[in-house]
Amino acid sequence: MKPALKRTLMIGLLALLLAGLIAGCNRGRRDETPEPVSAEGDLPANALQIAAERGLTPDDINAALKTFMPSGQWDEYLMFASGGHSGNMMVIGIPSMRILKHIAVFTPEAWQGYGFGARDIEEMLDAGNVNGVKIRMGDTHHPALSETEGDYDGQYVFINDKASARVAVIDLRDFETKQIVKDPNIISNHGSTFVTPNTEYVVQGAQYATPLGWEYAPIEEYEEKYRGLITLWKFNRETGRIVPEESFSIEAPPYWQDLCDAGKLVSDGWAFCNSFNTEMATGGIEDGNPPIEAGASQRDMDYLHIFNWQRAEAAVKAGKAEMINGMAVLRMPVAVEEGVLYLAPEPKSPHGADVTPDGKYIVVSGKLDPHVTIYAFDKIEQAIAGGNWELDPFGVPVLNYDAVKHAQIELGLGPLHSIFDDQGFGYTSLFLDSAVAKWKVGDEDPESWQMVEKLPVQYNIGHLTAAEGDTVSPDGKYVVVLNKWSVDRFAPVGPLLPQNIQLVDISDGNFKVIYDMAMGIGEPHNAQIIKTDKINAWTAYPEVGWDPIKQEKSEYATLPGEERIERNGNTVEIFMTSVRSHFTPERVRVKKGDHVIWHITNIETAHDATHGFQLGGHNISLSLEPGETVTFELDVSNDGTYAYYCTEFCSALHLEMMGYLLVEP
Ligand code: CUK
Ligand code: CUA
């Protein structure tokens, strides 16, 4: 037997042994449930004493009992929260509020080997570059779980980057980002991402208007040249990718489009985006104009954008779109002609637009109006059919407000976003009041829409979310409020404070905060909460030698015994394996000036047997999850002696899991 093969076999055996040991002690959920307490109250004798010593109130004890997760037990729900200007996404267990994962999306993240050398990931991130500028940050706002018939299906999650108008696709088999697409015609998005009920499209509304393609135009020509945009990114569920060639945009007036929501059930085929700054203020305080925030808040009404994506799709297929910077765009006059785009007045500087679970009503919150305004979808249809509109300065029909407005509920100051439970209640965040308003979702009778009660939260709530709360069948049980300020809620950590994410118990008529969670790694804007058992995540990649970006076996997969170093002129290609506690080969010799292509396959298949790889002095950090093959490339411009080593404490001999890169002068 060749020594190399013999060594490989020995290492393989050792790995199997260790894998067995680990699998034996790691069965996931708690499998031997000790006898639970009985309802008659056989609590440990010191329970009340502990509570008294800690100064806990009965409410505190109740909250602790509802959120405590026994060791080894799984949370009932997973919350996908945006990470704001961290550019990433978080996965948080509910009700424990434990952070389970920080998913790297737009911003490099060394722990996950994301954006530090891995070639496929660099290529994916580069697809989001703008005009040749390498973009390695983002501002994520609205995660959207994929849906089937208006219900979360647990397959994918999407999220936007507001700063550069990009959208990312994350596959929930491995919770990793697979694709980033850049809108070629806008530079900021905000009404993004929202999916249509069968994830046919990922909806993206723009925000700050620019000329299409963000080319230069004097700001004095704002009304003529600047435009808003709504993009429908076509999603292919089989390939798990957005298909830009089948995607299209709808040109809109240069109002600042804000949040969007897709219609569902009766309103399927339609989508709704509100807007602000229909004043078309552009600032210029230097030139004696009102400041932007005042200029953009002068009118009593802004416009809800109501658009039919199915008609838009048909018009694009009929060749009525214009190609602009490689994207099919339905220009405004065509969109109006085809019955694709309408507006409806909405009070005043609105923020959230949320469709009720039955798809019959659209709830709009005006930041500067104490009400939420409810539009009835059937009234919108009637107004459209009856031509009950006037034209805005861009020729877009503005439906008669009184004809489409169904009800208003006075909730309090600064209403932003709304979400729903399973008992027929809506919940709206009140930013200025620092409170959540609970209200009755009514019916055809406008008087049936009623305020119920208010809950103070700490402080300045932005979004709120509920268990499956924006699907056709909300679960109730929990509302999570995502507060912007935490001020005095946590021990001091310097001037930059965490946000305060609070869990609210809404089960059985409750309406109480039961957990404060400091979010110290980003500012979550929106979040969505899905039942944990809808997620079918892999524990290891399906085959050893897996390429997670292509989701198929890699052409560079290297199995034990196939490790080698090949030289071709100045190019050196390394085929390496990793297994507890060993990289093969252990010595890599190259010459200064060589181009190195380095493939590493983690040949482990055991649950959690991840290795990391960092190479000092070269900015290389990889995560090698069980079965994964990763490639990085390097121009070795400095001679010297470098250590590479495993960064995950994977075994007792983890510190020995290393090797030398020897660069000869
Ligand atoms: S936004 Cu941040 S609180 Cu981007 Cu949906 Cu309202
Ligand atoms: Cu592999 Cu540590």
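Both counts, for ligands and for their atoms, begin at 1 and track the order of listing. Heavy atoms only: backbone and side chains are in, while hydrogens, waters and symmetry mates are out.
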Asp433 (side chain) donor-acceptor with Leu413 (main chain) under 3.5 angstrom: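 Indeed, once roles are kept as given, a pair shorter than 3.5 Å links the two residues.
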
Spacing of CG belonging to Asn185 relative to CG belonging to Leu229, to within rounding of 0.5 Å: 6.0 Å

Separation of Ile362 CD1 from Asn274 CG (nearest 0.5 Å): 11.5 Å

Partner residues of Asp516 under the side chain to side chain contact (heavy atoms under 4.5 Å, CB included) criterion, sequence neighbours left out: Arg489, Phe490, Asn500, Gln502, Val513

Option among Tyr255, Tyr208, Trp256, Tyr303 that satisfies the ring-ring contact (aromatic ring centres under 6.0 Å, His included) test with Phe276: Trp256

Tyr427: which of Trp439, Phe420, Phe511 passes ring-ring contact (aromatic ring centres under 6.0 Å, His included): Phe511

Closer than 2.8 Å to atom 6 (Cu) of ligand 1 - protein N, O or S atoms, ordered by chain and residue number: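 Near atom 6 (Cu) of ligand 1, below 2.8 Å, one finds His351 NE2, His417 NE2.
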
All pairs passing salt bridge (Lys or Arg N to Asp or Glu O under 4.0 Å) where residues 459-470 contributes a residue, at least two apart: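 Checked against salt bridge (Lys or Arg N to Asp or Glu O under 4.0 Å) - neighbours excluded - the pairs reaching residues 459-470 are Glu468-Lys534.
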
Under 4.0 Å to a heavy atom of His142 - the qualifying atoms of ligand 1, by number: 1 (S), 4 (Cu), 5 (Cu)

Any Pro143 side-chain heavy atom under 4.5 Å of Val157 side chain: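 Yes, close enough: below the 4.5 Å cut-off.
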
Phe583 ring center within less than 6.0 Å of Phe613 ring center: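 Yes; Phe583 has its ring centre under 6.0 Å from that of Phe613.
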
His190, portion touching ligand 1 at heavy-atom distance under 4.0 Å: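 Near ligand 1, His190 shows its side chain, while the N, CA, C and O stay back.
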
Contacts of atom 2 (Cu) of ligand 2 with protein N/O/S atoms, counting only those under 2.8 Å: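 Near atom 2 (Cu) of ligand 2, below 2.8 Å, one finds Cys646 SG, Glu648 O, Cys650 SG, His654 ND1.
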
Close approach of Lys484 to ligand 1, heavy atoms, under 4.0 angstrom: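 Right, Lys484 reaches ligand 1.
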
Passing candidate, side-chain hydrogen bond (donor to acceptor under 3.5 Å, both in side chains) with His141, options His190, Gln207, His463: His190

Pair Arg166 + Asp161: basic N to acidic O under 4.0 Å: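 A salt bridge is present here (some side-chain N lies under 4.0 Å from a carboxylate O).
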
